[in-house]
Amino acid sequence: MARSFHSPFPSITKQLTALGERLRDARLRRELTTVLFSERLGVSRDTLNRLEKGDPNIAIGTYMKALRVLGLDQDIDQVARDDVIGRKLQDRALPPRRNAQMGTAAIEAATRLRLARTATLEHENPRERNREVLSQLLKGRRKGNANGEK
């Protein structure tokens with residue numbers, strides 16, 4: 001059975017073209033020839049040429065191999081690391097907060113504290129960042145309860 005390929009969105013085509021150019025530039029900076037680079041990747045020179053042009057039909061595994069050979073494979077860990085939209089959607093699904101139990105001053109203080117902590121913890125492990133922010137919010141809530149707020 002013949003394989004059928006669908007054209008990607010134009011923005012994706014631009015991104016893949018830019019990625020291919022960056023991979024080509026990285027190869028040239030390392031003074032690797034197309035023959036040597038394609039041998040290290042385990043692909044033909046034609047496939048390497050298509051990869052460097054950003055062909056959307058090249059397997060993602062081939063892009064990963066290219067990044068590995070160039071020593072850039074850790075860069076892929078940055079992709080989709082901070083899922084802002086996903087977090088917003090997840091927050092929307094949470095049950096509504098009981099604002100009546102916390103005073104507005106405590107809510108504002110907790111929000112300021114959370115934003116400040118998030119900004120300073122931007123480069124830390126996301127799990128540790130969440131744990132730290134939750135800890136700070138709970139401390140703020142305890143202070144509010146100690147001051148007579150419910």
Side-chain angles (χ1 to χ4, degrees), residues 1-99 102 104 106-144:
M1 181 156 83
R3 292 172 62 184
S4 63
F5 295 105
H6 301 283
S7 301
F9 293 115
S11 61
I12 293 173
T13 303
K14 287 178 185 176
Q15 288 176 312
L16 286 172
T17 302
L19 174 61
E21 289 172 1
R22 288 192 301 270
L23 290 174
R24 180 178 184 276
D25 291 343
R27 175 182 63 81
L28 292 173
R29 280 188 214 104
R30 288 158 179 76
E31 298 180 2
L32 294 172
T33 64
T34 56
V35 173
L36 182 60
F37 193 52
S38 63
E39 285 176 2
R40 288 185 181 178
L41 284 176
V43 298
S44 67
R45 284 181 61 202
D46 179 54
T47 301
L48 175 60
N49 185 31
R50 290 177 30 225
L51 179 133
E52 289 183 347
K53 288 184 178 181
D55 185 345
N57 299 320
I58 301 291
I60 192 165
T62 306
Y63 282 102
M64 287 295 299
K65 284 185 206 174
L67 289 169
R68 174 73 176 183
V69 170
L70 295 169
L72 301 171
D73 52 327
Q74 295 302 315
D75 291 354
I76 201 73
D77 293 335
Q78 300 303 316
V79 175
R81 185 171 186 197
D82 191 21
D83 184 12
V84 176
I85 295 172
R87 289 176 196 254
K88 287 181 181 180
L89 290 171
Q90 187 178 26
D91 290 346
R92 275 178 91 195
L94 293 174
R97 295 176 121 188
R98 294 177 289 187
N99 291 339
M102 279 180 59
T104 55
I107 293 172
E108 292 172 5
T111 303
R112 281 194 305 272
L113 183 62
R114 181 178 45 121
L115 291 174
R117 292 296 302 159
T118 303
T120 59
L121 298 171
E122 190 171 307
H123 298 290
E124 289 182 15
N125 180 349
R127 186 173 278 166
E128 271 189 41
R129 178 178 60 207
N130 291 343
R131 192 177 301 134
E132 188 67 30
V133 169
L134 181 61
S135 171
Q136 294 297 323
L137 286 172
L138 289 174
K139 286 179 185 176
R141 182 178 264 182
R142 284 188 204 120
K143 286 180 184 178

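We number each residue from 1, following the sequence as shown. Computation of the quantities below employed the complete heavy-atom set of this structure, encompassing side-chain atoms and omitting hydrogens, waters and symmetry-equivalent molecules.
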* To do: Measure the CG-OG1 distance between Asn57 and Thr47 for me, rounded to the nearest 0.5 Å.
  => 11.5 Å
* Structure fact -> dist Leu41:CG -> Leu48:CG (nearest 0.5 Å) comes out at 6.5 Å
* **Heavy-atom pair of closest approach, residues Val35 and Ser38** => O-OG, 2.9 Å
* Where the side chain of Thr62 meets the backbone of Ile58, is there a donor-acceptor pair that is under 3.5 Å apart? -> no
* Atom pair OH/CG of Tyr63 and Leu19 - distance to nearest 0.5 Å -> 6.0 Å
* Do Arg30 side-chain atoms and Ala26 backbone N/O form a donor-acceptor pair below 3.5 Å? -> yes
* **Selection residues 36-56 - residue pairs positive for salt bridge (Lys or Arg N to Asp or Glu O under 4.0 Å), sequence neighbours left out** => Arg27-Glu52, Arg50-Asp55
* Asked: Just wondering, more than 12 heavy atoms not from Ile60 lying within 6.0 Å of its CD1?
  -> no
* Should the heavy atoms of other residues, nucleotides or ligands under 6.0 Å from CZ of Arg87 be counted, would the total exceed 12? -> yes
* **From Arg24 atom CZ to Arg29 atom CZ, the distance as rounded to the nearest 0.5 Å** => 11.0 Å
* Asked: Less than 4.0 Å between a side-chain N and a carboxylate O, is that true for Lys65 and Asp73?
  -> no
* **Spacing of Ile76 atom CD1 and Arg68 atom CZ [to the nearest 0.5 Å]** => 13.5 Å
* Under the side chain to side chain contact (heavy atoms under 4.5 Å, CB included) criterion, do Leu23 and Leu70 qualify, and how do the steps go? -> CA-CA 8 Å; Leu23 290 174; Leu70 295 169; 3.8 Å; yes
* Is any side-chain heavy atom of Asp75 closer than 4.5 Å to a side-chain heavy atom of Gln78? -> no
